[in-house]
Amino acid sequence: MKVKTAKNTSSAFKKKRAPKAAFFFLSLVGFCIVFADLLPLPFSPTALDLQHIYLPPLQTQDYIAGKPFHWLGTDHLGRDVLANIIYGCRTAILLSLPAMAIASALGLLLGGIAGFYGNKAIRLSITHVFTLLLTFVLAYYYGFYLPEYSFKESAVDATQPFYLKWLIFISILTTGLVVSKWLHKRILLPLNVSIPIDQLIMKCIEMLSSVPRIILILCLAAYTRPSLYNLILITGLTYWTEPARLIRAELLRVKTLNYIESARAMGLADFYILIRHALPNSLSSIIVAITFGTAGLISLESTLSFLNIGLPVDLPSWGRMVASIRNNFSAWWLVLFPGIALCSTVLSLQAVSNWLVYKLNPRNR
Amino acid sequence: MSVKSSDKGYILEVNNLKTYFHTESGQVKAVDDVSFNLRKGETVGIVGESGSGKSVTSLSLMRLIKNPPGKIVGGEIIFHSPTHGAIDLTKLSDKEMRKIRGNEISMVFQEPMSSLNPVFTCGDQVMETILLHQKVNKQQAKQITIDLFNQVRLPRPEAIFNSYPHQISGGQKQRVMIAMALSCNPSVLIADEPTTALDVTVQATILELLRDLRDQHGTSIVFITHDLGVIAEIADRVIVMYRGKIVEQGTVWDIFSDPKHPYTKGLLACRPRLDMKMRVLPVVSDFMHTDALGNMTEKAQSPTYSSVGEAILLNFIDEDEIKERQEKLLLQPPVLQVKNLKVSFPISKNFFGKVKDYVHAVDDVSFDVFLGETVGLVGESGCGKTTLGRSILRLIEPTSGDVYFENRKISDYTGESIRQLRKELQIIFQDPYSSLNPRITIGEAIMEPMRIHKVLSNDKARKERVIELLETVSLRADHFSRYPHEFSGGQRQRICIARTLALNPKFIICDESVSALDVSVQAQVLNLLNDLKEKFNFTYIFISHDLSVVKFMADRIIVMNKGKIEEIGYAEDIYTNPKTAYTQALVNAIPKGDLDEIRKIQMKRRKFRIPVAS
């Protein structure tokens, strides 16, 4: 009996209190992000107060009403911890959400295609494959390689229109597509090859994930200027493997279910089935993948700031604060407060994802 | 530990057993005040449909109810153990219960496929039980195991001792399970649907084995099944359960010859019969009425039928009428022609990826289906009937051969037009639980194919049509915005049927469409399918492993075996006059459940029972 009551309370907690607390915390974070500039903070996050470096938190004896006061202490340059935590929310979310959006969009698409279509379902005629491969090479050459080269030669401003390259690239590709359609009709090569799309994508994932992620990001970051925009791109383009793999595994299960076959028997198109029937039923793992990924990215941002790469130095961030403990190991507040903020955000995201998964199941409506 | 002993020769006395489950939506009385006895050497059959509490009863006897959520909340189970005397199983500690389980009371489960651990050899698993409960060394245990394998008539017992479960067939696995259950010579054997997952011919041999073992060892058996035909073959006494309660118990003869309770009458009447053709199947609701709380009342005012016999007499179709229909059908044009269809799957490839070996799931099959006809496709598992059905729809691509639908080759349809073809050719799947997307309301699910194929002009008209369809399959308009999990298995199958009808198809393939349903629900769905046939002049291919169901539905039957057509003929002829040995074996293996059979079996049983009684 005891076991049962314990279990009941824990599940009740899971369903009611945890998501409420998580929502409360996340809305607090949201509030900080939006209204950080309007908050009556005594210090700006980048303001240096060199008279008060390594000030421990809540030194109330120094408090004089009406004068600015470091509630949660300061770091080695006398920057206010409270202000940094509040502004750090911005950095954390500004990096992780767009990066996760890129990663999950890529992951959904590639994982979805790999899992749902497998190695046999997509068949292309040899003419298509041949002409497409050929035009891809041509398009890349004239679109990206040649302009780069010629621009360098002619010493024109390096910031030539970015979209022009893409325009050339895409127009050559479309021409190739039209040509291959035309060829297909004329030649009528009956030979069709199946594209092992699953294998291709999986190999790609394996390649990406066999390099330790932090090293990969370090290498990529070395080539680009440290900016939020670049970091979002880099993390987004390396983080998609996990959602993709999860979604692929889930789709492998879902696609054998009867309602998928029955949809096929109804005459629905494959892509429609994937979007309408297969993906919604892998929703729970998609949500879990996205929230865990977001949580991971928030920690990654802290890690990168800790390592002092990636983010511009003047951007307030939780990780940078934690990093500053390297200079003075007795400054525990520099780890504790940002650490609490980081942990709570990650936990809240996971609690909310659990709640979402529960709520999206029609059984629990 | 010991309680009063009984002098009536009982081995198991169950008094007022109550097993409740606590769920989020409240308490479920899975077993509600159930009392019955089991004598030495007797076989009691517990029969009931899903949710009747028969399996929970058996698990309660073994004290295998998972807690939470389930719990035995009342009653006693007195077991007269040969070694411990009379004991109440509900009061034993877990440790004491472990000594009883597997040793004095043992159990055979439904799924032989998943009841054996795939990483150990069959012999190891049986030896494990022996070593656990008996004081023998490994060598002796092996000898006992091999003896047991001989007893359960496994071929090459030595070889099977060293085989892994995936290397032997389903029937053989169930024999290993029985050997395991019998290994410690238990006084009570609980068999929970031991033959349900098996083919009929295998089922017949397993039943025979159980009968023989019971007679040799004097084991008492509690035999649980949903199939009244199987009960008639093996049980001495029958307990009929409905929603956790026993509604009737009596000797097998009494239950079958003179059922008292309306539910029992309904169950007996709604089974499709092999010996005659019925127009409609009687259903349980013809006999009784269930109110919202689950209380049953006999339909006193104007019962549709007063007895099972009457229900059958009022509905059977005479031979002249059958013949007339058969002649009329042959004058119709063939709507579907299958010519030399072959479907093979590669099973092994050589180093360069070239396929070395194929398994021929469908091997050179040809037949015609005429307009308005129902063709039954019957065969055991693995005979290729499902593959055949799917390759007609091109859900599986045929390897060679042609299928013509309305004189047009199905392989000519490509891309867009194959979807148009699927509008005309529809399939109803076996499992109503997984053939509906759980995240889409049933209204949407039915509307979806209409939208894709642009049936009707706008969603408003489509919605009206959906409601009309729901009413056709006797569901209500307000079901439109509900989700699949809110419906029972039978209702879901109706939804699937409604979904199929949404496209106004001409031709429907029913792939084991009623196999996952209870008999009483099965009867309703079969009647519905038959009504629809009359109303819309559908052509059906009805695929099932159950010959009696196929015979009820079909005008002609195709018997398949190992990918080939064994026999094609009129439904009546297949049953009365099977031409091949395989069909004959198939027909003979079906438990008939008629009174003559019961009498024969009970007479045979008498001979064995006399020494037990004395």
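These numbers come from a predicted model, not from an experiment. Here is the naming used below: chain letters follow the sequence lines, and residue numbers restart at 1 for every chain.
- Counting only distance, with no hydrogens or angles, the side chain of Arg439(B) and the backbone of Pro280(A) share a donor-acceptor pair below 3.5 Å.
- Leu436(B) touches chain A through its backbone: at least one of N, CA, C or O sits under 4.5 Å from a heavy atom, while the side chain does not.
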Given side-chain contact (heavy atoms from CB on, under 4.5 Å), test Arg264(A) with Arg422(B) step by step and report yes or no.
CA-CA 9 Å; Arg264(A) 206 163 271 154; Arg422(B) 283 184 183 156; 3.9 Å; yes
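- The residue among Leu257(A), Ile260(A), Val254(A), Asn281(A) with the most heavy atom pairs within less than 4.5 Å of chain B is Asn281(A).
- Heavy-atom pairs under 4.5 Å with chain A were tallied for Asn437(B), Leu395(B), Ile452(B); the largest tally goes to Asn437(B).
- Looking at Asn258(A) and Ser434(B), their side chains do bring a donor and an acceptor atom within 3.5 Å of each other.
- Tyr259(A) is listed as a side-chain neighbour of Pro438(B), based on a closest heavy-atom distance under 4.5 Å.
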May I have the step-by-step check of side-chain contact (heavy atoms from CB on, under 4.5 Å) for Ser262(A) and Arg499(B), ending in yes or no?
CA-CA 10 Å; Ser262(A) 116; Arg499(B) 193 168 185 221; 3.1 Å; yes
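- Not one N or O on the side chain of His277(A) forms a donor-acceptor pair closer than 3.5 Å with the backbone of Ile440(B).
- Not counting sequence neighbours, Arg494(B) has no partner by the salt bridge (charged side-chain N to carboxylate O under 4.0 Å, His left out) test.
- Between Lys423(B) and Met266(A) there is no side-chain heavy-atom pair separated by less than 4.5 Å.
- Neither the backbone nor the side chain of Arg394(B) comes within contact range of chain A; no heavy atoms are under 4.5 Å apart.
- The interface of residues 102-112 of chain A with chain B, defined by heavy-atom distances below 4.5 Å, is empty.
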Take Glu448(B) and Leu268(A), measure what side-chain contact (heavy atoms from CB on, under 4.5 Å) needs, and give me the verdict at the end.
CA-CA 9 Å; Glu448(B) 182 175 45; Leu268(A) 308 189; 3.8 Å; yes
